[in-house]
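Written below as structure tokens is the structure these notes are about.
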Amino acid sequence: MTSGSEGGSKVLNEVLLAGHRRDDAPQPDEAPRTLWKPPAAAAVPQSDPVATLRAAILGKLAYGLGKSPATARDRDWFAATALALRDRVVDASLETAPFPHKRVYYLSLEFLIGRLLSDVMGNLDLVATARAALAGLGVDLDAVSDAEPDAALGNGGLGRLAACFMESMASLAIPAYGYGIRYDHGLFRQLIDDGVQREVPETWLAEGNPWEFERIESACTVGFGGEVAMTVQADGSLRRAWRPAEAVRAVPYDTPVVGRGGRHVNALRLWSARACEPVDLARFNAGDHVGAVSDRARAEAISRVLYPSDGTPAGQELRLRQEFFFTSASLQDLVRRHVAERGDLRSLPDHAAIQLNDTHPAIAVPELMRLLVDEHGLSWEDAWHVTTHTLGYTNHTLMPEALETWPVELMERLLPRHMQIIYLINWMHLEEVSRHRGTDAGYLAEVSLIEESHGKRVRMGHLAFLGARRVNGVSALHTELMRQTVFAPLHALDTDKIVNKTNGITFRRWLHNANPGLTRLAVEAVGPRVLDDPSHLAGLAAVAEDAGFQDRYAAVRRERKEALARVVQDRTGITLDPEALFDVQIKRIHEYKRQLLNILETVALYQAIKAEPHRDWPSRVKLFAGKAAPSYHQAKLIIRLASDVAKRVNADPDVAGRLTVAFVPNYSVSLAEAIIPAADLSEQISTAGLEASGTGNMKLALNGALTIGTLDGANIEIKDHVGADNIFIFGLDAAGVQRTKAQDGYAERAIAASPRLRAALDVIGAGGFSPGEPGRFRPLVDELTRGDRFLLTADFDDYWRVQREVDAAWVRRRSWWRAAILNTARTAWFSSDRTMREYAEEIWRVRVG
Ligand code: 26V
């Protein structure tokens, strides 16, 4: 502050201090009661990092937020701290090479980020400094961290993966932009009313977002509808131009993503939809005040809410508008950048790699073609070469109901030029296929971009496949199944195109930040280099049998379990015993993930304990958390069953101290960060062949939970890494699932052969957990007895058997801790740094670092 501003600051101080002092506001030890001034930055010695950061925070509190310490709430301290740290990130970004040879563009409809404060502090090595800076003001860093809302711009695994990838790319100094939508409202908040899920809007932006920069100068326009005009060029050739009927402004907001050590910063660029005209003045002046803003409401609806469907194709026009909106804006942005930097768009593949996270941005194939051909005058052949050497496509599920297709009629109405381009791509593709493979109509129908079985629809997976240079699956099994099932006909045309990239997770968030106690132990055991290179975790194997180390490892777990018990008590009123085995299943609620199998086993265990109360049952806590899509009735019923079982079991003195069940509401990234370090057992029990990868499985194994799981997704690779002795595998494998499904009546036979399963189904079906409404859970029991699409009945007995092995293993506590430590020691490969290096080398062909 200069002396010239002193007078002004006096006035400002009076304004600041006119606010009410809250009784619970922290009383800062340095602030005078009457006149408070933020310390002048120049007066703080640079050699004192704590004082420097404290001054920066106080400066932001005053001049960024207009608040004094006396009136600041935790939320204000959070914003001030974030703004102060953002300055440091900006400083670091100015060091980041502005003109890299090649950039990655990661297009994703979802980025499930969670909180950013501890990420940023951790990567800037400022956690201790920030803690001390705030402590000197009487403010607790943990309370400040908790005041940050989660950025929940995603549904589950796919969105969280995008967030892990962004962090890893920054840490590896891979020049990258993440592109997505800045939803005003992220994933709904889940309330559980007497076991029933209720959705309420999430409001992460209600008090502003200190991390982002609005970049109005980089806004662009996205069109919809209208028609395609044809003009004859001077040379006699035809040129087509799309004349959209409607235009929406796309305004970008950049969130800097800082990598480990603050050496590299990338941007997450999220688009917000804005009307071109804020109000229709003619209508307003004619007295139609609502109609005057209706176009605006329609335009801005595009970025209003995240679709919570998690895979079930929404089938709604707004979803297609969201997909095209962010894809078009992102492509326009990167094309403009390329032209500015390099001039000729034919060199785009040398300088840009565009990754499509699932098919949500698959409209990029015709949109990039349109930009290149219609807007920039490239020949079709050149444009197709550029497109197919720039795009990559990641598939995240093979379940038929989750594969995106759009009605041709809708595409023609909303994106007429794109539909023409899709037809042209398809025509050329089918021509070539028939030249090489003959004209077998069945085969041609399988590889066509247009599915004609129930109305004409565009297959977005096929479109992405044709437009991409590489197509990848997310685990070894999933990639193999891609080749053998959904993409087999296309795979036959180019057997090099499908590659595997097993998913990973960022260890900075999921180990270092979420579990500082375990991180400290690892650093003590193998040295601080483990923070930069997780392969050093392998050194923990040497102390896996060391009783002293085991005790410290167990003490860290114990402390996290006590902390989690407080959270669960708070949210549910249920008391957990930290001595018990914490058995957790945390993920979206889906029939294929088989939470119901876990509940059936819980019910069977409850019955078994009641039948033999004097047996030595080890004490177990069954913890569930996860959201159901709002219209997914079976999933909501599964939540209700878990809650009803919890209510009855927890109230029954016969099982007290041996079995406790809790459904923890409103699962989120932040809740995951609290649960994962406290978990002893990780439930990964999907029907084999259906979970593409899973990433929670990796987070839990890394934190030392033992996995009970099927041979599905990345569980298989986790088993390969941790060793068969350190994981509990049960049930049918993917081939066994196929064989069993081919046999009629397998469910009936399985139920007949298992008295234990029968008894559990009987008590649920008869209303044993819903006495006020005996038929409540009939739909769940009916699904299992008539069809059982996800083979719960086929796997139940083996699951029960292996759960009893878990009981026995838990009792032999020394060997349990040995296995847990070996899980931590042997999961380094699941770092998303490894995944990103593989993408960089084999898909993007971009330099790392
Ligand atoms: C959604 C639905 C909804 C309808 C019923 C069937 C079904 C099947 C799958 C999905 C998920 C859609 C895409 C997705 O989120 N995939 C997830 O991607 C993660 C990151 O690659 C991966 O770890 C998960 O296994 C995969 O389900």
Side-chain angles (χ1 to χ4, degrees), residues 106 108-112 153-166 168 187 306-315 319 355-362 393-405 460-461 464 471-479 481-482 485-486 500-506 510 586-595 626-636 638 672 682 684-701 709-718 734 783 789-790 830 832 835-836 838-839:
Y106 197 83
S108 179
L109 200 51
E110 304 190 3
F111 287 92
L112 185 41
L153 311 184
N155 274 288
L158 172 149
R160 183 54 235 174
L161 186 76
C164 282
F165 282 3
M166 287 305 296
S168 274
L187 187 60
L306 167 80
Y307 266 89
S309 51
D310 188 31
T312 355
R319 170 75 170 206
Q355 192 65 28
L356 308 179
N357 195 26
D358 215 298
T359 53
H360 313 144
Y393 157 53
T394 306
N395 173 277
H396 294 271
T397 180
L398 296 173
M399 294 188 65
E401 57 268 59
L403 295 177
E404 266 191 314
T405 61
M460 302 309 274
V471 174
N472 75 285
V474 291
S475 74
L477 173 68
H478 167 63
T479 301
L481 292 173
M482 283 176 72
T485 63
V486 174
N500 177 241
K501 292 286 157 276
T502 299
N503 283 167
I505 56 172
T506 169
W510 295 108
I586 47 173
K587 49 184 82 243
R588 283 296 284 245
I589 313 293
H590 263 307
E591 288 164 285
Y592 85 85
K593 293 178 187 284
R594 301 201 295 191
Q595 281 93 354
K627 292 175 179 176
S631 58
Y632 192 168
H633 300 295
Q634 291 290 89
K636 287 182 144 177
I638 291 170
S682 157
Q684 308 299 337
I685 60 177
S686 50
T687 315
L690 297 187
E691 188 68 274
S693 161
T695 45
N697 48 1
M698 302 169 188
K699 294 162 196 169
L700 284 153
T710 46
L711 287 173
D712 198 14
N715 295 351
I716 298 174
E717 289 150 273
I718 291 175
E783 160 59 29
R789 273 183 304 154
F790 300 104
F830 296 94
S832 46
T835 313
M836 288 294 86
E838 288 185 8
Y839 274 79

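In each ligand, atom 1 is the first atom listed, and ligand 1 is the first ligand listed.
Ser686 and Asp712 form a side-chain donor-acceptor contact under 3.5 Å, judged by distance and modelled atom types alone. Judged purely by distance below 3.5 Å, without hydrogens or angles, the side chains of His478 and Asn500 never pair a donor atom with an acceptor atom.
Near Val474, with a cut-off below 4.0 Å to any heavy atom, the atoms of ligand 1 are 21 (O). Every atom of ligand 1 with a heavy atom of Gly694 under 4.0 Å away is listed here by number and element: 22 (C), 23 (O), 24 (C), 25 (O). Atoms of ligand 1 found under 4.0 Å from any heavy atom of Glu691 (numbered from 1 in listed order, with element): 24 (C), 25 (O), 26 (C), 27 (O). Atoms of ligand 1 lying under 4.0 Å from at least one heavy atom of Ala692, given by number and element, are 25 (O). The Ala402 neighbourhood of ligand 1 comprises atoms 2 (C), 7 (C), 8 (C), with distances under 4.0 Å to a heavy atom of that residue.
Both the backbone and the side chain of Ser693 come within contact range of ligand 1, each with a heavy atom under 4.0 Å. At a heavy-atom distance under 4.0 Å, atoms from both the backbone and the side chain of His396 approach ligand 1. Contacts of Leu690 with ligand 1, taken as heavy-atom pairs under 4.0 Å, are absent altogether.
Side chain of Lys636 to main chain of Pro630: a donor-acceptor pair is present (N/O by atom type, distance under 3.5 Å, no hydrogens or angles).
Residue contacts with ligand 1: Glu591 is excluded, as none of its non-hydrogen atoms falls under 4.0 Å. At least one heavy atom of Tyr592 sits under 4.0 Å from some atom of ligand 1. Residue contacts with ligand 1 leave out Gly156, since none of its heavy atoms falls under 4.0 Å from the ligand.
Residues Ile638 and Gln595 come closest through the heavy atom pair CG2-CB, 3.9 Å.
Residues forming a side-chain hydrogen bond (donor to acceptor under 3.5 Å, both in side chains) with Thr394 (at least two apart in sequence, or on another chain): Gln355, Asn472. For Ala362, the side chain to side chain contact (heavy atoms under 4.5 Å, CB included) partners are Thr359, Met460, Ala464, not counting sequence neighbours.
Using a 30° and 60° split on the angle between ring planes, Tyr106 and Phe165 fall in the perpendicular class, above 60°.
Taking only nitrogen or oxygen atoms, main chain and side chain alike, Glu401 does not reach within less than 3.5 Å of ligand 1. Between Thr397 and ligand 1, no N or O atom pair is found at a separation short of 3.5 Å.
Using a 4.5 Å cut-off on side-chain heavy atoms (C-beta onward), Glu691 and Gln684 make no contact.
Rounded to the nearest 0.5 angstrom, Ser108 OG and Leu153 CG are separated by 10.0 Å.
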